[in-house]
Each structure stands twice: as C-alpha cells, then as structure tokens.
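The basis for the numbers below is simple: all heavy atoms, side chains too, and nothing from hydrogens, waters or symmetry mates. Protein chains get the first letters and strands the later ones, always in sequence-line order, with residue 1 at the start of each.
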Amino acid sequence: MEESNIPKVYDPQSFEKKWYKYWEEKNLFHAEVEADKKPYSIVIPPPNVTGQLHMGHALDNTLQDILIRWRRMQGYNTLWMPGCDHAGIATQAKVEEALRKEGKSRHDLGRDKFLERVWDWKNQFGSHITMQLRSLGSSCDWERERFTMDEGCSKAVREVFVSLYNKGLIYQGTRITNWCPRCSTALSDIEVDHETEAGHFYHLRYQVEDTAEYVQIATTRPETMFGDTGVAVHPEDDRYKHLIGKTLILPLVGRKIPVFADEYVDPDFGTGAVKVTPAHDPNDFDMGQRHGLEQIVVLNNDATMASNTGKYAGMDRYECRKQLIADLKEQGFLIKIEDHEHAVGHCSRCHTTVEPLVSKQWFVKMESLAKPAIEAVKSGDIQFVPERFTKIYTNWLENIRDWCISRQLWWGHRIPAWYCDDCGQTSVVGEDLTTCPKCGSTHLHQDEDVLDTWFSSGLWPFETMGWPDKTPELKQFYPTSVLVTGYDIIFFWVARMVMMGLEFGKDIPFKHVFIHGLVRDSQGRKMSKSLGNGIDPVEVIDKYGADTLRFMLITGNTPGNDMRFYWERVESARNFANKLWNASRFMLMNLEGFDKSFVPEKSDYTLADQWILSRYAKTVQEVTNNLEKFELGEAGRTIYEFIWNEFCDWYIELSKARLYDTEAVRARQTAQYVLGYVLEHTLRLLHPFMPFITEEIWQHIPHEGESVMVSPWPADEMSKIDDAAETNMTAIMETIKSIRNMRAEVKAVPSKKSAVVLHFASETLQTVFASNQGYLTVLASAQPITLESLAEGKPENAMTAVVNGVEIYLPLKGLIDVEKETARLNKELDLLDNEIKRVTGKLSNVGFIGKAPAELVEKEREKQKGFEEKRSAVQERLVYLATL
RNA sequence: GGGGUUAUAGCUCAGUUGGUUAGAGUGCUUCGUUGACAUCGAAGAGGUCACAGAUUCGAAUUCUGUUAAUCCCA
C-alpha cells in the first residue's frame with residue numbers, strides 16, 4: 001500500500017534524479033516508428049557542444065518538454081530529437097584558448113593534430129550540456145542523439161553542397177565580405193552586429209591635377225585612403241559637375257585617381273564627394289564594379305596595414321589612423337575633424353570590429369531558395385506563434401543577399417571542392433577525390449575552408465532523421481510538428497531550415513514556429529558573461545528544483561516577449577510546489593481505510609464534491625485549450641489557481657469534516673474518492689509543467705500504470721460540469737467570506753464563534769444552506785446559525801452584509817458601534833450606487849438594448865436586480881441605525 | 001532612415017475574437033499555529049489601464065497621432 005509518511009517539506013533533491021533515471025530505464029522517452037500512430041515530433045535547437053546550459057536553454061527546453069510530454073500523454077507517437085551543434089567558431093576558439101595557455105597556436109600543431117584536439121575536447125566536455133538538459137527534466141529520445149559533425153550529418157552536408165553546386169546555386173566568387181580579424185575568417189552578413197559609435201569625420205584635401213583647386217573629402221576611415229581608386233560625386237551636383245572626368249592626386253601617396261559620377265552619392269551627406277575604396281567597403285565595391293575601378297587591398301587579415309602602404313606597413317589599423325592623421329595635418333592635407341556618429345560592424349561572436357574585405361569565398365545564391373520559403377509562411381503552411389514574427393521573417397527573406405558560407409577555420413565541414421594542381425580544374429563531388437576527372441592527375445588538394453556552422457544546422461530537421469536515405473523516421477516524423485526557439489535566431493536558423501527543408505526535405509520542416517523571448521536579469525539587462533549578471537539555471541535547479549525553475553520560467557510572461565529573472569518568482573514557484581506537496585500529504589494522511597474498488601453513487605456526492613468536480617472539468621478544458629494555442633503560461637497559471645485557490649483553499653477544508661468522522665464510512669470513502677480522483681487527475685494536468693514532483697506524488701497515491709508521464713491526458717470530463725452546484729457553492733463561499741470580513745471588522749476573538757442569522761430570497765437557496773451549514777461553522781466560525789426567509793423580522797443589534805440571494809446578520813452581544821457600522825455601510829452604499837448608476841445607464845441606453853446581444857442585456861438586468869436588492873437591504877439597515 | 005515590441009497596483013507581469021465590480025505574484029498593513037502546509041491561513045489598503053483624438057450603444061482591448069523605453073534591419 002502507499003506510503004503515508006512523506007516529508008513535511010517539498011525537497012526536490014530527494015527525488016528528481018531518481019525519477020529521471022526511472023523514466024530512462026523504462027525507456028519512456030524513446031519513440032519507435034509506428035506507422036499507425038499519429039506522430040508528434042520536435043527537433044531540439046542543438047546547443048553548442050562545448051557550451052553550458054544558460055537560462056535561454058532552460059526556457060527553450062522547458063517549453064519543448066511541456067509540449068512533448070503533453071502530446072505523449074495524449075497518445076501521439078512522440079519524438080523529441082536531441083543533439084548538439086559543433087559550433088565552428090565558438091568551439092575552435094575554446095580549444096585555441098586552451099592551446100594558448102600551453103603557449104601554442106593551432107598552426108604549431110597543424111590541421112590534423114589540431115582537429116584531434118578538438119575531438120578530444122568534444123568527447124571530454126560534449127556531454128556536459130546534455131547532462132544539464134537531463135537535470136531539467138527534458139524527455140528527449142537520447143538513443144537518437146545526433147551531432148552536426150557526425151557521419152550522417154557530414155554525408156547530408158556534402159550531398160546538399162554538391163547538389164546546390166550542380167544546380168548553380170553555390171558559386172565561388174571574389175567579393176567583398178565581412179572579415180573578423182580576431183577570428184580570422186569571413187562572416188556572413190547576419191553574423192555582424194551594427195552598433196552606433198562615436199567617431200570622426202576627417203575632412204581631407206585631394207588636389208585636382210595640374211590646378212590649385214582641390215576637392216574636400218570627408219571620411220570616417222582615412223587609413224583606407226591607400227586603397228582609393230576614385231572619387232565619386234552625384235551627377236547633378238553643381239559643385240562638382242566640372243570635375244567629372246578630371247584626375248585627383250592622392251595625398252601623401254601621389255597616385256592619380258579619377259573623379260566620376262554615380263547616383264549612389266548623396267550630395268547632402270558629408271561634402272558630397274566620396275573617396276572610393278572598392279577593396280574595403282561594400283558600397284565602394286559596387287561602385288567600383290560599375291565603373292571598372294581597380295581593387296587595391298591595403299589591409300592584412302589581422303587588420304594591420306599591408307606592405308603596399310609604405311611606412312605604415314605592419315601598423316595596426318587604428319595606430320595607422322592616428323599616425324596618418326598626424327602626417328596629413330603636418331603636410332596640410334587635413335582640413336578639419338568633426339565628431340560623427342556612425343554604425344560600425346562587430347563580429348557577433350567576439351565583438352571585434354569587422355573589416356569589409358575583398359576575398360575569394362563560396363556563396364549560396366539565395367533568391368530562388370528564398371521564394372518558396374516566403375510562400376510557405378505567407379500561405380500559412382508554416383505558422384509563427386506569435387503571428388507578428390511572420391513579418392520579420394518575410395521582410396528579411398525578401399531583402400536577402402547571397403550567403404557567404406566559407407569560413408577560414410579548421411573545425412567544421414570541409415568544403416568538398418578539390419583543385420587540380422596540374423590543370424587547375426575545380427571539382428565538387430560527394431566522395432573524397434584522388435584523381436582529377438579532367439586530366440587524370442593525382443596532384444589534387446582540397447579547399448582549405450570549412451562551411452558556416454549554420455549550413456549544417458539548416459539541415460537539422462531532416463539530416464537527424466537519416467536523410468538523404470529514405471528512412472521510416474523521415475516518413476513518420478518529417479515534417480516536424482513545431483520548432484521552439486528564440487526570436488534572435490529567426491534569420492540564422494529558422495529561415496535557413498525552411499529553405500533547405502523545402503529544397504531537400506521536399507516539404508516544410510515544421511508546421512509551427514513557436515517563438516519565445518530572452519530571459520533578462522532583474523533590471524532588464526541581457527544576461528552576459530562580461531556583465532557577470534547571468535544566473536546559472538543549474539544553480540537554481542540545485543537550490544530549488546527543476547520543477548520550480550520550469551514553472552517560474554513559463555508563467556508570468558507571454559509568448560515572444562522577454563522576461564526578467566527574479567529570485568522572488570523562483571520562491572513563489574517553489575512555494576507552489578510545496579503547497580501541492582502538502583495537499584498530497586494531507587490526502588495520504590487521511591487514506592486509512594481507503595478502498596480502491598469503491599465508487600460513489602450519485603447520491604453520495606455532497607455539494608462540495610459536485611463543485612470541485614465541476615471546477616476540475618472546466619480546468620481540464622481550459623488547460624487543454626491553452627496548450628493548443630501555445631499559451632503555456634496561461635495553462636500553467638490555470639492549474640496553479642485551481643490547485644491553490646479551489647482545491648487547497650476550499651475543497652480540502654470542506655472535506656475535513658467527513659474525513660475526520662470515521663463512523664460515517666460511506667461519506668468518508670466518498671470524500672477520499674473525490675480527493676483522490678481530483679488530485680490524481682490534476683497531477684496529470686500538471687505533469688508536463690512539473691514532471692518530477694507530479695511523478696513523486698503520483699507514485700505515492702493510488703494510481704494505475706507505471707508512470708504519470710504515460711498516463712492518459714484527462715479528457716471527456718464534460719459530464720462533471722454542474723453549473724447549479726457551482727452557483728450554490730459560490731453563494732456559500734461568498735457568505736463565508738462576508739462573515740469572516742465582518743468578524744475581522746469587529747476584531748472578533750478568533751477562537752470564539754459568532755451567532756449568524758441568514759435571510760434568503762428563495763427557498764431553494766435556504767435548503768442548500770440548511771444542508772451545508774456545517775461549512776459556515778468550520779470556515780467562518782459561525783454558530784449558532786439561524787436560517788429564515790426574507791420575510792422574517794431583521795435582527796436589530798447586528799452587523800449586516802448582503803450577497804446574491806442572502807442577507808447576513810451578525811448579531812452582537814454588546815451594542816454595535818453605530819458610527820463605525822454606519823460608515824462601513826455607507827461605503828458599501830456608495831459602491832452599490834456607482835454600480836447601479838453604471839448598469840442603469842447601460843440599460844436605459846436604447847443603443848445598448850437594441851444592438852447588444854440579448855444574452856448580455858439579460859445579464860446586465862440580473863446584475864441590476866442584484867445590486868438593487870443589496871442596496872435596499874443596506875439602505876434599510878442605515879435607516880434603522882439612524883434611529884438608534 | 002525603415003520596421004517591431006512595450007507602456008495596466010510600489011515592483012514584475014496577466015488580461016487571446018470589444019461587454020469583468022480591471023486580476024495574479026511579490027511587497028505593504030492587521031490578525032491568526034495542538035491535527036497538509038508559517039515555503040501557511042484570514043482580512044485589508046493600493047490602479048484617471050502613458051497621453052490626445054477617432055470608431056462604437058459600449059474601448060485597458062480596435063484605428064490614428066504624440067511621448068517614452070527597448071530591439072531588429074539598413
């Protein structure tokens with residue numbers, strides 16, 4: 001039989017690990033392909049393999065786990081596919097940092113040895129984050145765990161690369177890209193964060209050849225001057241029209257560059273004359289293409305000045321700027337320096353200022369891939385939750401530019417391109433190449449670069465299911481049901497998965513995209529390492545339990561919005577767990593004599609039983625509806641309120657009399673039954689949110705089955721809804737509150753009971769109260785209780801309150817404080833007057849009567865009646881008081 | 001420059017197709033512990049729903065504008 005002596009206080013440490021192990025041992029997370037079962041699948045947003053769990057992960061995975069556990073209980077064949085991302089730059093940087101501590105660089109080791117080190121690192125620390133996900137309770141199918149660098153994913157990546165290349169959608173080109181001097185690699189456009197910085201406008205003097213005239217050029221980056229190959233002006237700019245076609249002399253350098261006209265130039269910006277450096281600025285690059293200008297690269301990959309910059313060669317870019325300005329000033333080329341705010345690009349990984357740089361890179365042509373991806377969302381095949389993110393997504397895709405996918409790193413999927421040293425042929429093939437298909441030479445070398453990490457992440461929904469093979473997994477679980485992720489990676493990841501999914505998975509990768517916000521600190525700042533304001537979710541789990549963290553994360557916010565982390569909110573969630581814990585304890589302590597086979601007859605149910613069962617049934621409906629709408633926070637709040645405000649605050653109290661009376665066996669058994677039914681079913685409702693505590697309690701109380709996590713989700717409880725019981729119980733509860741209120745007003749001694757007289761408007765209500773008056777005694781300290789009809793004379797020396805259909809009198813032994821009582825009733829009168837004024841105004845408005853739904857008008861009429869009845873009772877009382 | 005989000009109780013936030021006496025948690029005040037829980041219970045104070053218009057019989061909720069905060073894109 002069940003154990004009844006469970007600890008007095010909720011102690012998550014004592015059972016969380018145990019249950020996770022139990023679920024894994026019973027293999028409850030695992031999904032087999034079962035063609036006849038309805039599938040529900042989610043692929044995890046793969047965390048960085050060497051990373052550690054932060055609040056964002058905790059939120060993201062809690063949301064996924066709730067959906068997965070809920071659908072699993074609903075009977076779906078449920079797959080949550082876990083895995084990690086190899087995270088090119090981040091992981092490589094970590095290993096390089098470790099090497100640096102040994103005084104080495106990756107170049108000292110060489111590519112192969114370095115990669116061995118990375119794999120060692122991955123094997124050593126790679127399971128760290130998945131262990132942390134387990135401690136959160138994530139019910140992932142660990143048997144299927146994947147890694148973006150594993151064999152299957154590598155195969156998929158090659159397949160996709162070769163296919164896109166053969167379709168002409170991948171090409172190699174010498175173009176301007178963003179270069180991070182610290183990471184020493186090219187970046188895609190979205191890996192650059194633009195920030196407004198305070199900088200300067202340097203006004204320089206460029207002399208017109210063979211004249212005394214000069215053109216004033218304003219630049220924010222004078223050091224790129226060495227790469228200038230022209231100066232552009234707007235064709236309609238009268239100030240410069242006469243110079244178009246003329247030649248300028250580059251200061252200090254003496255090189256000759258042309259003046260040309262281009263619509264791009266904004267005559268109102270700066271001086272209206274722009275120095276053009278095609279190798280170091282994207283706009284200048286475009287102008288250079290239009291006008292056939294030479295590209296002169298003047299910066300090295302580490303952001304020092306190139307050898308073609310004379311005495312500045314080797315200097316850091318900023319050091320050079322300083323020196324150069326000094327030199328220009330000295331030689332009279334500097335006109336002035338103005339303060340100027342401008343947007344500067346930073347590496348999203350390391351925050352170093354990026355350099356736009358011309359280099360040879362691989363690109364994906366986006367236009368034809370983006371089109372169907374836009375269409376899939378516009379047509380509603382893929383739906384964003386909340387809907388507003390649709391616009392963000394489509395706007396980005398509609399203005400998309402080609403995607404630079406090559407990275408000058410070692411850790412990642414190496415580009416499957418081979419170059420023939422003899423004939424120069426480039427071959428892109430799926431298998432490692434040893435002979436040149438063109439000339440048969442064996443002198444080949446593979447492209448040194450690796451692919452952008454997001455290239456393989458983009459294949460995640462289908463590469464994890466065995467693509468390119470036609471696996472049963474793909475057939476059953478692709479497309480996945482929903483993707484859960486933060487709004488910060490819609491471009492990086494979501495959009496790319498949609499494009500790749502449509503192109504290669506031959507279908508959308510997921511039906512819904514459920515977007516959440518960021519978890520910020522209590523001041524609303526982003527949690528970050530540099531600020532040191534991050535809260536470690538593992539610390540919260542250790543101190544308060546995973547259930548507490550989960551519940552805290554999903555309540556008190558709405559989908560798509562950021563939230564703040566407060567320890568007070570953690571405590572509040574913990575208190576809720578403790579409340580549930582103790583409610584269960586209460587039940588276990590009163591289980592003696594429990595008969596599993598006992599089922600009450602309809603006539604056995606008390607009003608309180610009918611009420612809580614009805615409330616429970618409505619809770620099931622509401623929670624299920626909210627989950628279907630992805631309103632997980634609302635769903636959680638609904639269960640919270642049911643458990644705390646209805647089940648604990650009222651039903652448990654109402655059940656006590658029957659439980660303590662061991663003589664009336666049948667009544668006691670009915671109470672045990674209802675208590676057990678509601679608690680056991682409520683635990684199921686709560687299980688997706690708080691898996692551990694619900695399992696721990698569920699296993700203690702009477703139950704069927706091996707785990708609450710695979711017990712059926714409550715459904716079809718409609719027959720339990722009983723509106724009459726709810727109305728009657730509400731009247732009793734309102735009456736109890738009124739009596740408590742009055743007792744508090746007169747500072748009644750808590751241990752002493754008060755006599756109460758109740759007058760009823762209807763006989764039915766009087767009967768209901770007659771058979772339930774014990775509740776008033778226990779919960780409102782009312783005794784003796786006199787029940788009379790409204791027609792009876794009113795008690796004279798008494799306090800008064802009115803609830804719908806009931807007038808409540810609290811006769812006082814001594815004289816009542818006429819002044820205080822009058823003030824209290826006058827306040828009540830004011831309140832009622834306001835309400836009556838409002839309702840009457842509404843009801844005398846012909847527009848309202850005519851246009852509002854009849855049901856609503858009727859409701860307002862009833863309200864009016866209720867308010868007026870109360871008012872006259874209060875008024876009558878005031879008249880009486882005035883006579884004293 | 002373009003776009004998004006937010007503005008409701010001291011604080012953090014709910015309020016989902018327009019109709020509630022505008023809610024919760026936390027904090028605050030008063031009272032309460034021999035039988036689930038002080039990680040608790042009871043009672044209470046606290047809001048011109050940012051501002052100005054518009055639509056409507058009716059607006060915290062829809063629309064427009066203003067202000068402030070914040071984010072994304074360029």
Exercise. Taking the side chain of A:F491 as heavy atoms from C-beta outward, which of B:C72, B:U20, B:C37 is closest to it?
Worked result: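 So the side chain of A:F491 is nearest to B:C72.
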
For this session: When you get a sec, tell me which of B:U20, B:A36, B:G4 is the closest nucleotide to the side chain of A:K656?
Result: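 Of the options given, the side chain of A:K656 lies nearest B:A36.
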
For this session: Take A:N557 and A:I190, find for each the nucleotide of RNA chain B with the closest heavy atom, and name the residue whose nucleotide sits nearer the 5' end.
Result: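 Going by which nucleotide is closer to the 5' end, it is A:N557.
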
For this session: Specify the residue among A:A852 and A:T558 whose closest nucleotide of RNA chain B lies further upstream toward the 5′ end.
Result: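 Going by which nucleotide is closer to the 5' end, it is A:T558.
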
Problem set entry | Electrostatic pair A:E855:A:K859 at N-O distance under 4.0 angstrom |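 Salt bridge flag = no for A:K859 with A:E855.
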
Would you please confirm or rule out a distance under 4.0 Å between OP1 or OP2 of [N] and any side-chain N or O of [X]?
| X | N | answer |
| --- | --- | --- |
| A:K391 | B:G4 | yes |
| A:K747 | B:G44 | no |
| A:R838 | B:U21 | yes |

Rounding to the closest angstrom, what is the interatomic distance between [N] and [M] at atom [atom1]?
| N | M | atom1 | value |
| --- | --- | --- | --- |
| B:A50 | B:A60 | P | 10 Å |
| B:U8 | B:A69 | P | 15 Å |
| B:G4 | B:U29 | C1' | 43 Å |
| B:C51 | B:U12 | C1' | 24 Å |
| B:G19 | B:G58 | C1' | 7 Å |
| B:U62 | B:G15 | C1' | 16 Å |
| B:A22 | B:G47 | C1' | 8 Å |
| B:U70 | B:U33 | C1' | 48 Å |

For this session: Give the intermediate values and the outcome of ring pair (Phe, Tyr, Trp, His ring centres under 6.0 Å) for residues A:F692 and A:F15.
Result: CA-CA 7 Å; A:F692 296 107; A:F15 57 77; 7.5 Å; no

For this session: Taking the six-membered ring of A:W403 (Phe, Tyr or Trp), confirm whether the NZ or CZ of A:R496 is under 6.0 Å from its centre and within 45° of its axis.
Result: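 Yes - A:R496 lies over the ring of A:W403, closer than 6.0 Å to its centre and within 45° of its axis.
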
Nucleotide [N], atom [atom2] - distance to [atom1] of [X] in whole Å:
| X | N | atom1 | atom2 | value |
| --- | --- | --- | --- | --- |
| A:Y487 | B:C72 | OH | P | 8 Å |
| A:Y651 | B:G41 | OH | P | 19 Å |
| A:L518 | B:C72 | CG | C1' | 12 Å |
| A:E568 | B:C13 | CD | P | 13 Å |
| A:F389 | B:U5 | CZ | P | 9 Å |
| A:E622 | B:A24 | CD | P | 15 Å |
| A:Y566 | B:C11 | OH | P | 10 Å |
| A:I652 | B:G41 | CD1 | C1' | 13 Å |

Exercise. Any idea how A:Y651 and A:F647 line up, ring-wise: parallel (<30°), tilted (30 to 60°), or perpendicular (>60°)?
Worked result: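 Because their plane-to-plane angle is under 30°, the rings of A:Y651 and A:F647 count as parallel.
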
Let's test your reading of the model: under 3.5 Å, does the base of [N] pair with the side chain of [X] as donor and acceptor?
| X | N | result |
| --- | --- | --- |
| A:K579 | B:C37 | yes |
| A:R564 | B:U12 | no |
| A:E653 | B:A36 | yes |

Problem set entry | Heavy-atom donor-acceptor pair, A:R743 side chain to A:L810 backbone, under 3.5 Å |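 Checking the backbone N and O of A:L810 against the side chain of A:R743, no donor-acceptor pair under 3.5 Å is found.
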
Problem set entry | Donor on one side chain, acceptor on other, A:N561 and A:T558, under 3.5 Å |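 Judged by distance alone, the side chains do pair up.
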
Problem set entry | For B:C40, the Watson-Crick or wobble partner whose two distances fall under 3.5 Å |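 Result: B:G32.
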
